[in-house]
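This report refers to the structure that appears directly beneath it.
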Amino acid sequence: MTGVPASAAGGSSGARRAAASASTAVPGKVAEATAARSADGGAPGAGPSASSGVRHGGTAGAAAAGEAFPGEDAALDAQDDGKAPRGAKIAAAAVNQASVWNIANLLTMLRLVLVPAFVVLMLADGGYDPAWRSLAWAAFAIAMITDLFDGHLARTYNLVTDFGKIADPIADKAIMGAALICLSALGDLPWWVTGIILGRELGITLLRFLVIRYGVIPASRGGKLKTLTQGVAVGMYVLALTGWLATLRWWVMAAAVVLTVVTGLDYVKQAIVLRRQGIAERKAALEEKEA
């Protein structure tokens, strides 16, 4: 008579759980889980010893699965009771809680708040006090740095909202526009530089809306380099620099203006191509429908 260990009594339940774990987490072990599931009656046509051997294997497989996937038993038990697993509830709650008050939008709101704060600090005491200019630079730097993270966080963690889609580009243009206008008003930066940069930014934003029915103009590496160069150049102008640093900031701003013009023309070219392709595709689809 073959001895059956006490753990064999739970072989059936353990085997089912191991099979469920293997089918969801390790697709390559479906065959092993199926063999373990037959532990109650053994393989068809097999004798008691074969059934006992399979039962031993099913028990061992369940134990191994339990060690490899901790918490799976609780999830299966919850499913058997007609309840959703705790992890699924947490995930669903996280999706439902993705609202305006998420980290990405909070960073965008911070940038919007920093715009008037920057203007006040920039124009304090006539606009030429080095201490106030340093504080204004700090506000500008925080706004530019947070701009690097809010969009990434929104896309990575599925925090994209309608508010973010509207507020993010507004915050970007607002902080840059405020800095350029203040610098020109104080006589530190020629108005034509401010006109070129702001004209390009507003024009490209309008162009994106005009061709959005045909597709989206993707951000290019040149555009990202332009944004970085503009931020560095404007930041250097905000600071009360003298000597060779004052000369260096002039060259950095010159590079920013060149990149602004070049990338702007590239966006116009992409918009024209995108519009032509969209019109051609619509025309072809209409002709195919009529045919």
Side-chain angles (χ1 to χ4, degrees), residues 92-122 136 138-184 194-232 234-235 238 256 259-261 263-275 277-278:
V95 172
N96 293 332
Q97 290 174 2
S99 62
V100 174
W101 301 103
N102 60 62
I103 183 62
N105 286 344
L106 289 176
L107 291 176
T108 301
M109 295 177 192
L110 174 62
R111 293 212 315 279
L112 290 171
V113 172
L114 284 174
V115 174
F118 167 82
V119 173
V120 170
L121 294 171
M122 188 71 181
F140 179 81
I142 293 173
M144 297 302 295
I145 291 173
T146 54
D147 181 36
L148 301 176
F149 292 102
D150 58 354
H152 174 74
L153 290 172
R155 291 186 297 270
T156 302
Y157 297 101
N158 195 24
L159 300 176
V160 178
T161 62
D162 292 336
F163 172 82
K165 293 177 183 178
I166 298 173
D168 183 69
I170 292 177
D172 296 342
K173 306 300 183 295
I175 188 65
M176 182 60 69
L180 290 169
I181 292 174
C182 286
L183 289 171
S184 294
T194 297
I196 289 176
I197 295 177
L198 292 184
R200 185 268 190 196
E201 298 299 331
L202 296 177
I204 295 303
T205 300
L206 179 61
L207 189 62
R208 286 178 181 272
F209 281 109
L210 291 177
V211 301
I212 195 171
R213 67 179 68 179
Y214 305 109
V216 177
I217 304 176
S220 63
R221 292 184 177 180
K224 295 178 180 179
L225 179 60
K226 178 269 305 178
T227 301
L228 176 62
T229 308
Q230 281 183 358
V232 173
V234 172
V238 170
L259 287 173
T260 298
V261 174
T263 56
L265 294 175
D266 181 62
Y267 272 113
V268 172
K269 177 182 176 181
Q270 291 187 56
I272 294 174
V273 172
L274 185 62
R275 182 177 181 275
Q277 290 178 348

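Atoms considered below: every heavy atom in the structure, side chains included; atoms not considered: hydrogens, waters and symmetry mates.
What you find for Phe140 and Ala179 is that their closest heavy atoms are CE1-CB, 3.9 Å. Across all their heavy atoms, Ile175 and Ala143 have their closest contact at CG1-CB, 3.8 Å. Gly231 and Met144 make their closest contact through CA-CE, 4.0 Å (heavy atoms, listed as atom of the first residue, atom of the second, distance). In terms of heavy-atom proximity, Ile212 sits nearest to Phe209 at CG2-O, 3.3 Å. A pairwise comparison of heavy atoms in Ala174 and Val115 identifies CB-CG2, 3.9 Å as the closest pair.
In this view, Ile181 and Trp191, Thr194, Leu198 satisfy the side chain to side chain contact (heavy atoms under 4.5 Å, CB included) rule, not counting sequence neighbours. Among residues two or more places apart in sequence or in another chain, the side chain to side chain contact (heavy atoms under 4.5 Å, CB included) test is passed with Val261 by Ile196, Leu265. Remark: Leu202 pairs with no residue by the side chain to side chain contact (heavy atoms under 4.5 Å, CB included) rule, at least two apart or across chains. In this structure, Thr227 has no side-chain hydrogen bond (donor to acceptor under 3.5 Å, both in side chains) partners at least two apart in sequence or on a different chain.
A distance of 6.5 Å separates CZ in Phe163 from OG1 in Thr108, rounded to the nearest 0.5 Å. Atom CG of residue Leu207 and atom CD1 of residue Ile272 lie 8.0 Å apart, to the nearest 0.5 angstrom. Taking CG from Leu274 and CG from Leu210, the interatomic distance works out to 12.0 Å, rounded to the nearest 0.5 Å. Put simply, CG on Leu259 and OG1 on Thr229 are 5.0 Å apart, with the number rounded to the nearest 0.5 Å. With values rounded to the nearest 0.5 angstrom, Thr263 atom OG1 is found 10.5 Å from Gln270 atom CD.
No side-chain heavy atom of Ile103 sits less than 4.5 Å from a side-chain heavy atom of Tyr157. A 4.5 Å side-chain heavy-atom check between Leu180 and Val234 finds at least one atom pair inside the cut-off.
For residues 205-214, the set of pairs meeting the salt bridge (Lys or Arg N to Asp or Glu O under 4.0 Å) definition, not counting sequence neighbours, is empty. Listed by first and then second residue, the salt bridge (Lys or Arg N to Asp or Glu O under 4.0 Å) pairs involving residues 157-174 are Arg111-Asp168, Arg111-Asp172 (not counting sequence neighbours).
Listed for the Thr156 side chain is no donor-acceptor partner under 3.5 Å among the backbone atoms of Leu153.
A side chain to side chain donor-acceptor pair (under 3.5 Å) with Thr260 is found for exactly one of Lys226, Gln230, Glu201, namely Gln230.
When only modelled atom types and interatomic distance are considered, Thr161 and Asn102 share no side-chain donor-acceptor pair under 3.5 Å.
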